[in-house]
Undergrad: 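I'd like to ask some things about the structure below.
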Amino acid sequence: MAEYLPLLIAGGIIGLFTTLFLVAWAILRRKKEDMTDRERNMSDREIILRLLGYAKPYWKSFVAVGIIMLFSIGYEIAAPLLMGAIQGLIKQGQFPLQQLYAYVAIYASILAVSLVCTYLQAMILQKTGQKILSQIRLDVFTRAETLSHAQLNHIPVGKLVTRVTNDPNSISYMFTNILVTLAKNSLVVIGILAAMLLVNYALTLMVLCFVPFVVLFTIIFRQFSRRVHRQVSNATTDINTYLSENLSGMKITQVFNREAEKMAAFAARSKKLRQAKVGRMYVFGIFRPMVFMLFVSAQLCLFYFGAKGYIQDRPFLGQLVTSEIVTIFYGYISRFFNPIQTLAEQFDMLQRSFASAEKIFTILDMEPEVVDTPDAIELDTIRGEIEFRDVWFAYEPEEWVLKGVSFHVEPGQTVAFVGATGSGKTTILSLICRNYDIQSGQILIDGIDIRKIRISSLRRHFGQMLQDVFLFSGDIRQNILLRSEGISDGEVMEACRYVNADSFIGKLEKGLDEPVRERGNNFSAGQRQLLSFARTILHKPSVMILDEATANIDTETELLIQDSLEKMRNIGTMLIVAHRLSTIQHADNIILLRQGQIVEQGTHQQLLQQKGLYHQLYTLQYQKQQLLDEA
């Protein structure tokens, strides 16, 4: 019994750590069951199957990698046998030197082939992985483009940025490293086990005694690893969302002197991310030493029983252990546990990939709320006739923004919508473009329900000019064209002259090539609005929508915009939302909204004669303007 004491001591230590791990696992599972805010939790199998769908188009590359990988596996299995043969040859004392040279040459040749195969394997995987990574990013971005305005309003911009950038990077490890390495290590372990059984089954059984503990540690590690990776992913998303919002609003933070508060909030999120990453380091830092402990224990048992049998000339479990066998098994045990030790890193990256994949699939699984019906049609041209029939709409259930709204717009008419903030003016314009779907009623374009028209076809005939004009980084030409092809600079400048945008473009040093910084912050609000008019006119819409297009601009620019509006009235139907009633006096019809209902409509003169709410609003604005002029 005493001769097996070292084995019993090693077993006791391993058993102690196993008990501690099992207790920690039980505590973790109880906490998970007690969690009130449960996260979406896809199974590993579902994630792998969906990710493999991205790899399917490149199956030839993975087959090539598999073939190349077989040569590397051959090296892993053959190398210890050659070392054992060399050990046996040296032990003989006198042997032909040419035989030693032959063994060394064979070993060097196998090693060289293995290195070349490893290089080719890495190159193929990296190129293939980048193609898959690009496709995942494209799918996420494409899905974001198809989401309705309501869905986009509920998703922070920073969250979408994380899904398109950080998360695919984590998944790329799965295709460039993890899957192939796991397959290779699995085959290596199987091949080594077969070779060890052929060399000495008794020592092989001794090594296999440690395998159940490796499997158990791996299962427990998987539970902890997935949890901490999800925490890191959530914390990363949180900090990116906060940065996206607060960097965009930095001017407001400075104006109200709130830098300290914002810094404290950022520090709290940064601390949360640091704690999540430290937790991941602890989990990773515990698992690998445990596997290394099993590896060292297996080696110590090998040397103990091998040396004991060799010195005392006694077999181990009925089989003789020689120095050659000890050398071979030393190499095999290293190669047997190395893949399992590497498994710690593989699981670390694998769980990171799974956590990121869950986040990505959350976006990809979102079904767009506004979609084309199966029988939706294309409209090559529209006349611009618009009709609302008893339209009811709410952003949130039962919180009605529009209540039974009905009106009719003839082709070519200019119709203005006025009313207090929240009365439903902008909502009407959004519904016409089908940014949202109504709950009840009908919206007709040229007598056709807009739900029976393809969304892309419908929006192609609309030109929208909003109060908050968005300009992209680039130059003026790109912002007017919006990547349209086949349009000359002459046509661009003609559109600019039509809306008076040439008045400031001509003064710029580079003209249409003048750089546009982020969100166009190197141009005034009026200049941005004129550029918005130019790109709208250039795309020749049949219906133009202006939502507070003259707000927050100086008087000189307003005169230019008013002149542009008069010209654009001749193009097609025009729908205007305006608070300044002086800007809509020439509209063919003015619709006054109050709490989601139409209370008055008619021309400017007709509404003034009614002495109703419109007359009150106009009188107040007129008196206010007189006071300003006198001041």
Side-chain angles (χ1 to χ4, degrees), residues 381-382 384 412-416 429 433 459-588:
T381 59
I382 66 172
Q413 274 192 332
T414 297
V415 176
L429 303 185
C433 299
R459 293 173 180 170
R460 185 169 62 246
H461 297 292
F462 287 89
Q464 298 188 59
M465 292 156 280
L466 308 178
Q467 176 182 350
D468 184 16
V469 178
F470 193 98
L471 296 182
F472 297 92
S473 300
D475 56 41
I476 290 180
R477 181 188 291 102
Q478 292 172 347
N479 273 279
I480 295 177
L481 291 174
L482 289 182
R483 305 298 189 270
S484 298
E485 298 179 356
I487 300 178
S488 65
D489 283 357
E491 293 174 285
V492 174
M493 285 305 302
E494 183 180 351
C496 293
R497 282 191 293 272
Y498 193 85
V499 298
N500 299 317
D502 62 319
S503 60
F504 77 90
I505 293 178
K507 299 176 183 179
L508 298 174
E509 181 181 352
K510 297 182 180 179
L512 292 175
D513 294 315
E514 186 73 18
V516 177
R517 294 200 292 266
E518 185 180 8
R519 300 182 66 91
N521 57 23
N522 55 326
F523 294 98
S524 68
Q527 291 172 334
R528 292 198 297 269
Q529 196 60 265
L530 291 174
L531 291 177
S532 170
F533 285 5
R535 71 183 175 196
T536 300
I537 294 299
L538 186 65
H539 290 86
K540 300 176 181 177
S542 301
V543 178
M544 285 171 291
I545 294 175
L546 289 82
D547 189 357
E548 292 293 347
T550 59
N552 304 323
I553 56 175
D554 57 86
T555 305
E556 181 180 351
T557 306
E558 183 181 0
L559 293 175
L560 291 176
I561 290 178
Q562 291 290 356
D563 182 62
S564 302
L565 292 177
E566 286 300 317
K567 294 178 181 178
M568 289 189 289
R569 287 182 63 185
N570 301 320
I571 296 176
T573 303
M574 182 179 290
L575 306 176
I576 304 174
V577 166
H579 282 293
R580 297 184 188 180
L581 302 184
S582 59
T583 64
I584 57 171
Q585 294 182 22
H586 301 295
D588 298 308

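A quick note: this is a predicted structure, and the numbers were derived from the prediction, not measured. Atoms considered below: every heavy atom in the structure, side chains included; atoms not considered: hydrogens, waters and symmetry mates.
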Undergrad: Can you tell me how far the CD atom of Gln413 sits from the CG atom of Leu575, to the nearest 0.5 Å?
TA: 10.0 Å
Undergrad: Could I get the full list of salt bridge (charged side-chain N to carboxylate O under 4.0 Å, His left out) partners for Asp475, not counting sequence neighbours?
TA: none
Undergrad: Between His539 and Ile480, which heavy-atom pair has the shortest distance, and what is it?
TA: CE1-O, 3.4 Å
Undergrad: Between Asp489 and Met493, does a side chain to side chain contact (heavy atoms under 4.5 Å, CB included) hold up when you go through it step by step?
TA: CA-CA 6 Å; Asp489 283 357; Met493 285 305 302; 5.5 Å; no
Undergrad: With sequence neighbours excluded, tell me which residues meet salt bridge (charged side-chain N to carboxylate O under 4.0 Å, His left out) with Arg460.
TA: Glu378
Undergrad: After noting the C-alpha distance and the side-chain angles of Leu429 and Phe462, does the key distance pass the side chain to side chain contact (heavy atoms under 4.5 Å, CB included) rule?
TA: CA-CA 11 Å; Leu429 303 185; Phe462 287 89; over 6 Å; no
Undergrad: Any chance you could lay out the side chain to side chain contact (heavy atoms under 4.5 Å, CB included) test for Ile382 and Thr573, step after step, and finish with the verdict?
TA: CA-CA 10 Å; Ile382 66 172; Thr573 303; over 6 Å; no
Undergrad: From His586 NE2 over to Thr414 OG1, what is the distance, rounded to the nearest 0.5 angstrom?
TA: 11.0 Å
Undergrad: Contact between Asn479 and Arg535 at the side-chain level, heavy atoms closer than 4.5 Å - yes or no?
TA: yes
Undergrad: Between His461 (side chain only) and Lys540 (backbone N and O only), is there a donor and an acceptor less than 3.5 Å apart?
TA: no
Undergrad: Would you give the length of the straight line joining atom CG of Leu531 to atom SG of Cys496, rounded to the nearest 0.5 angstrom?
TA: 7.0 Å
Undergrad: Side chain to side chain contact (heavy atoms under 4.5 Å, CB included), that's the test. Do Thr536 and Gln464 meet it? Break it down for me.
TA: CA-CA 7 Å; Thr536 300; Gln464 298 188 59; over 6 Å; no
Undergrad: Taking the side chain as C-beta and beyond, is there a heavy-atom pair between Leu530 and Phe523 under 4.5 Å?
TA: no
Undergrad: For Gly463 versus Pro541, what's the shortest heavy-atom pair and its separation?
TA: N-CB, 3.4 Å
Undergrad: Residues two or more places apart in sequence or in another chain: which of them pass side chain to side chain donor-acceptor pair (under 3.5 Å) with Arg528?
TA: none
Undergrad: So which heavy atom on Ile476 is nearest to which on Gly511, and how close?
TA: CD1-O, 3.7 Å
Undergrad: Strictly distance-based, threshold 3.5 Å: is any side-chain N or O of Asn522 a donor or acceptor partner for the main-chain N or O of Val516?
TA: no
Undergrad: Looking only at heavy atoms, what is the nearest atom pair of Asp588 and Gly412, with distance?
TA: OD2-O, 4.3 Å
Undergrad: List the atom of Ser532, the atom of Met465, and the distance in Å for their closest heavy-atom pair.
TA: OG-CG, 3.6 Å
Undergrad: Taking all heavy atoms of Ala495 and all of Ala534, pick out the closest pair and write down the distance.
TA: CB-O, 3.8 Å
Undergrad: Please indicate whether Gln585 has more than 12 foreign heavy atoms, meaning atoms of other residues, nucleotides or ligands, lying under 6.0 Å from its CD.
TA: yes
Undergrad: Nearest 0.5 Å, please: how far is CD1 in Ile537 from CD in Glu494?
TA: 11.0 Å
